[in-house]
Amino acid sequence: MSISLVVADDHVLMRQALVSYLKEVNEFEVLAECNDGIELISQTLKTDPDVVVMDISMPNMSGLVAIDKLLSQRPATKILVLSMHDEIEYMLAMQKAGAKGYILKESSSDVLIQAIKDVYNGKTSFPNLPKNRSTAVTNPLGVLTRREREVFFSVIAGNTSKRIAELLNMSLKTVENHRTKIYKKLEVSSAAELLRMASKAGLLE
């Protein structure tokens with residue numbers, strides 16, 4: 001029995017190469033490939049895959065927002081994040097958001113295959129995450145709620161409050177309230193300061 005997959009990555013050549021490779025492996029069946037978070041949610045709900053393999057740096061909707069929206073509609077979704085970012089902050093944020101695994105794009109094909117199998121079998125796969133969390137750098141996103149983290153990533157992606165309201169299906173007032181709380185919790189006073197803080201913490205996509 002093959003493991004069914006939905007693959008999402010906005011880098012077309014990389015996505016096509018990944019899908020082509022996975023299709024050659026008899027143990028997998030690729031049901032759909034997606035270019036962004038919006039398409040990912042739509043295709044996942046439509047095809048009902050065993051595992052979602054996704055990047056986190058995608059247009060229109062960041063990976064973190066996509067994970068949140070997807071899990072709110074399909075809580076049992078098993079998500080494996082495939083990313084170029086090796087910062088601990090990213091791994092912790094994706095783990096807290098509900099992803100079951102996180103591996104780097106530079107990983108070998110054997111590591112990828114094993115990670116997909118682990119996630120499919122109900123295991124977690126965060127091989128690059130230190131077992132001793134105290135040795136990891138402080139995660140500035142730890143003080144934010146899930147919804148605030150969604151707004152955080154949308155803000156540093158350069159979206160206006162109006163655009164964020166559209167992307168996250170919120171009222172403009174709610175977005176502004178979240179921004180105010182984020183600024184207060186992270187001790188910044190503007191989007192520019194938030195961007196600088198995100199850059200220093202290695203959180204820019």
Side-chain angles (χ1 to χ4, degrees), residues 8-11 34-41 52 54-73 75 77 79 81-105 126 128-205:
D9 193 319
D10 66 309
H11 295 92
C34 313
N35 184 63
D36 58 36
I38 296 175
E39 188 178 2
L40 166 64
I41 294 172
V52 169
M54 62 177 286
D55 189 11
I56 54 176
S57 301
M58 296 186 289
N60 298 321
M61 182 184 292
S62 74
L64 186 69
V65 176
I67 289 175
D68 181 73
K69 285 188 170 294
L70 184 54
L71 291 179
S72 69
Q73 298 179 67
T77 303
I79 299 171
V81 174
L82 182 60
S83 174
M84 62 178 285
H85 301 291
D86 61 358
E87 293 86 358
I88 301 301
E89 287 89 351
Y90 273 108
M91 300 177 197
L92 290 174
M94 295 305 115
Q95 184 181 53
K96 190 170 183 179
K100 299 303 181 183
Y102 187 113
I103 65 171
L104 301 178
K105 289 185 176 180
F126 290 85
N128 296 94
L129 191 62
K131 293 182 179 180
N132 181 3
R133 296 291 181 80
S134 63
T135 63
V137 296
T138 301
N139 178 17
L141 300 184
V143 298
L144 305 181
T145 64
R146 172 179 287 187
R147 211 59 167 148
E148 288 168 352
R149 292 198 304 273
E150 293 180 359
V151 174
F152 170 89
F153 278 108
S154 295
V155 171
I156 65 174
N159 294 300
T160 63
S161 291
K162 182 179 180 181
R163 178 57 177 160
I164 294 172
E166 295 172 352
L167 291 172
L168 302 184
N169 193 27
M170 294 180 181
S171 69
L172 183 58
K173 182 178 180 180
T174 299
V175 172
E176 292 293 352
N177 286 339
H178 280 312
R179 289 185 72 145
T180 298
K181 291 179 181 178
I182 291 169
Y183 289 177
K184 184 177 181 179
K185 288 182 178 181
L186 298 182
E187 300 180 352
V188 299
S189 59
S190 66
E193 289 185 17
L194 191 69
L195 188 63
R196 285 195 292 271
M197 186 226 69
S199 178
K200 290 180 180 178
L203 291 170
L204 292 184
E205 297 186 13

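It should be emphasised that the depicted structure is a prediction, and the values quoted were computed from it without experimental measurement. Only this structure's heavy atoms are used, side chains among them; waters, hydrogens and symmetry mates stay out.
For residues 149-162, every residue pair satisfying the salt bridge (charged side-chain N to carboxylate O under 4.0 Å, His left out) rule, not counting sequence neighbours, is listed here: Arg147-Glu150. For residues 175-195, every residue pair satisfying the salt bridge (charged side-chain N to carboxylate O under 4.0 Å, His left out) rule, not counting sequence neighbours, is listed here: Glu148-Lys185.
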Going through the distances and angles, do Val52 and Ile67 end up as a side chain to side chain contact (heavy atoms under 4.5 Å, CB included)?
-> CA-CA 10 Å; Val52 169; Ile67 289 175; over 6 Å; no
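Scanning for side-chain hydrogen bond (donor to acceptor under 3.5 Å, both in side chains) contacts around Asp9 gives His11, Lys105, with sequence neighbours left out. Taking Thr174 as the reference, Ser171 meet the side-chain hydrogen bond (donor to acceptor under 3.5 Å, both in side chains) condition, with sequence neighbours excluded. Looking at residues two or more places apart in sequence or on another chain, you find a side-chain contact (heavy atoms from CB on, under 4.5 Å) between Ala66 and Leu40, Met54, Met61. Checked against side-chain hydrogen bond (donor to acceptor under 3.5 Å, both in side chains), Asp36 has the following partners two or more places apart in sequence or in another chain: Asn60. In this structure Asn35 satisfies the side-chain contact (heavy atoms from CB on, under 4.5 Å) test together with Asp10, Arg15, Glu39, Pro59, sequence neighbours excluded. Remark: Ser190 engages no residue in a side-chain hydrogen bond (donor to acceptor under 3.5 Å, both in side chains) (not counting sequence neighbours).
Looking at Leu186 and Phe152, their side chains come closer than 4.5 Å, going by heavy atoms from C-beta outward.
In the displayed structure, Lys100 atom NZ is contacted under 6.0 Å by at most 12 heavy atoms of other residues, nucleotides or ligands.
With Asn159 contributing its side chain and Ser154 its backbone, the two residues share a donor-acceptor pair below 3.5 Å.
Checked against Ile164 for a side chain to side chain contact (heavy atoms under 4.5 Å, CB included), the options Thr160, Leu168, Leu167 give a single hit: Leu168.
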